[in-house]
S.K.: 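Shown below is the structure under consideration.
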Amino acid sequence: MSLLTVQQLGKSYNNQNKVLQNVNFEVDAGEFISIIGPSGAGKSTLLRCINRMVDIDEGAVIFDGADVGTLNKKELRKLRTDIGMVFQHYNLVPRLSVIENVLHGRFGYKTTLQGVMGRFTEEEKERAFFLLEKLGIVEHAYKRCDQLSGGQQQRVGIARALIQEPKIVLCDEPIASLDPNASKIIMDHLKSITMELGITCIVNLHQVEVARDYSDRIIGLRQGQVVFDDVSHRLTLERTDVIYGTKTKPVPVVRELATV
Amino acid sequence: MNENRIRYKKNQQMIIVVLLLALVTYLSSVLTDFNILHGLATLPEAFIWIFSNLVVTEESLERMPTILDKLVETILMSIAATTTATILSLFLGVMGSKSVGTSKLLGILARFIASLSRNIPVVAWALILLLSFGQNSLTGYLALFVGSVGFLTRAFIEVIDESSQSAVEALQATGATYIQIIMKAVIPECLPQIISWILFMIETNIRNATLVGILTGTGIGYTFDLYYKTLNYHGVALVTVSIVVAVILIELLSNHVRKVIL
Ligand SMILES: Nc1ncnc2c1ncn2[C@@H]1O[C@H](COP(=O)(O)OP(=O)(O)OP(=O)(O)O)[C@@H](O)[C@H]1O
Ligand SMILES: [Mg+2]
């Protein structure tokens, strides 16, 4: 059985125009998937339907056997511990230290009191340092997050998602605010760590080249509908045009895909 | 060319504003029978009186221990009123904020409480509370407390709403509980401004406490009132000077704290 099934998913924020309609796809455990599409296509909305950060209007999202749309508050909390999320703007608490921000990823497993008192086990702390080490920012563990560069902050964001020990990580444009160099570091880390830990990964991206370089499979979204869903190398120029509604002249030269 | 015209226009507006102000001043003094010129004429005389009577003499310095005692009492009460008000205001602030509030109804309730306690002056609160609690320090404390709750709640709502909500979203996505999010993301993020407002409130309350003390018969306000009514103007002078010094010291101290935390 697949890890995630999205069935006939429909969503509208104001009952007028549909942001998503008839979205269907399945994700197997261990896949690395990119979602691409023009601005406003509904990529962020789609990701947020998976962990129900926004409510699902039509259809269903089945994650790990659970119908996400019907969960009660407690079950939803449990579900969210299994789903890590990485954001374009990192969404850290800037005034707190790196290690504190990473440990925030454990709140879903704790009682309110344990969380508020900041009671973390030795294991959890070790795990946090292990992840920071892996992401190459362990020397900044006690620095305040607002003293780090964007790329470093995003790595803190990734560590926070990974310490949840999630089954899947949802990344909403994780490199949109970063320079090419930092972007490459982030994508490399995402790819290698999720592969190593066997975590499924869905990444919203603006850069088609990056999507093609890193992901096994690409889902193309246009005006809330899936217009492409296939292994990455099948994403031809014409199909990219369909997704973005652009027209590229048939150029004979093979476009050199600069890795970011 | 264009710039000149703008400047000319600005000058014109300025003249109109000044004329209007003069007119309003004239009308209101006519309406209230207040003679500005007469008021101004008595100024020198008043100052002469102040400087000849309101002086700290050696004799009045003997009262210093009592005054200091009362001053400390007043300062401590102001701090107590502020800190306890802070706790309630934090709750109301979270409830009343648009970004992290839980329900519309609670939000309206919180903002209503805030505006009710803020829009009635502290002195009026003191008078109202005097009726039910009588002349004691509890009344003074409550008056300051109520006033502080109104002010702080309003300030905290703004601080919380202006702070970035992105970490809140991230913590929601990890499965954190509401209280965890408030305590571990919202409050830490807003802490410098929160502390800054608390310090401001303590300063304000020390100033207000004198006035409230005159009404409720407690603290330094009572001492002031006592000397004033017994025509001990040297004592009044000493009390005034000590209050001013205390307020300035507290202000310096809180400015220093602000610099460190911001
Ligand atoms: N909270 C919201 N309330 C109302 N409308 C919203 C909300 N969030 C998104 N929308 C609308 O839904 C549509 C899809 O938005 P979404 O953010 O999912 O697109 P996106 O593909 O992520 O775009 P981008 O690439 O710019 O991030 C947009 O038209 C947007 O205006
Ligand atoms: Mg988006």
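So that the names make sense, note that chain A is the first sequence line, chain B the second, and so on, each numbered from 1.
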S.K.: Under 4.5 Å, counting heavy-atom pairs only, tell me which of B/Glu169, B/Met183, B/Gln180 racks up the most with chain A.
M.R.: B/Gln180
S.K.: Under a 4.5 Å cutoff for heavy-atom pairs, which residue among A/Ala161, A/Pro94, A/Gly84, A/Gly105 has the most contacts with chain B?
M.R.: A/Pro94
S.K.: Salt-bridge test for A/Lys110 and A/Glu124: reply yes if a basic N is under 4.0 Å from a carboxylate O, no otherwise.
M.R.: yes
S.K.: Taking side-chain contact (heavy atoms from CB on, under 4.5 Å) as the criterion, tell me which of A/Leu131, A/Leu132, A/Ile137, A/Val86 meets it with A/Arg155.
M.R.: A/Ile137
S.K.: Checking A/Lys78 against chain B: side chain, backbone, both or neither under 4.5 Å from a heavy atom?
M.R.: neither
S.K.: Using non-hydrogen atoms only, which part of A/Pro166 is less than 4.5 Å away from chain B: side chain, backbone, both, or neither?
M.R.: neither
S.K.: Output yes when B/Glu251 and B/Arg207 qualify as a salt bridge under the 4.0 Å nitrogen-oxygen rule, no when they do not.
M.R.: yes
S.K.: Check whether B/Ile179 gets within reach of chain A through its side chain, its backbone, both or neither, counting any heavy atom under 4.5 Å.
M.R.: both
S.K.: Between SG of A/Cys201 and CD1 of A/Ile33, what distance do you get to the nearest 0.5 Å?
M.R.: 9.5 Å
S.K.: So that I can tick it off, tell me whether B/Arg154 and B/Glu158 are bridged by a salt bridge, with the cut-off set at under 4.0 angstrom between side-chain N and carboxylate O.
M.R.: yes
S.K.: Name the region of A/His104, side chain, backbone, both or neither, that has any atom closer than 4.5 Å to a heavy atom of chain B.
M.R.: both
S.K.: Should A/Thr5 and A/Ser2 be marked as a side chain to side chain donor-acceptor pair (under 3.5 Å) after you check the CA-CA gap, both sets of side-chain angles, and the distance that decides it?
M.R.: CA-CA 7 Å; A/Thr5 310; A/Ser2 50; 3.3 Å; yes
S.K.: Let me know if A/Arg160 has heavy atoms under 4.5 Å from chain B in its side chain, its backbone, both or neither.
M.R.: side chain
S.K.: State, with a plain yes or no, whether a side-chain heavy atom of A/Leu47 is found less than 4.5 Å away from one of A/Lys43.
M.R.: no
S.K.: Heavy atoms only, distances under 4.5 angstrom: which of A/Gln164, A/Arg77, A/Lys73, A/Arg48 has the most pairs with chain B? Name it, please.
M.R.: A/Arg77
S.K.: Give, as side chain, backbone, both or neither, the part of A/Leu96 having an atom under 4.5 angstrom from any heavy atom of chain B.
M.R.: side chain
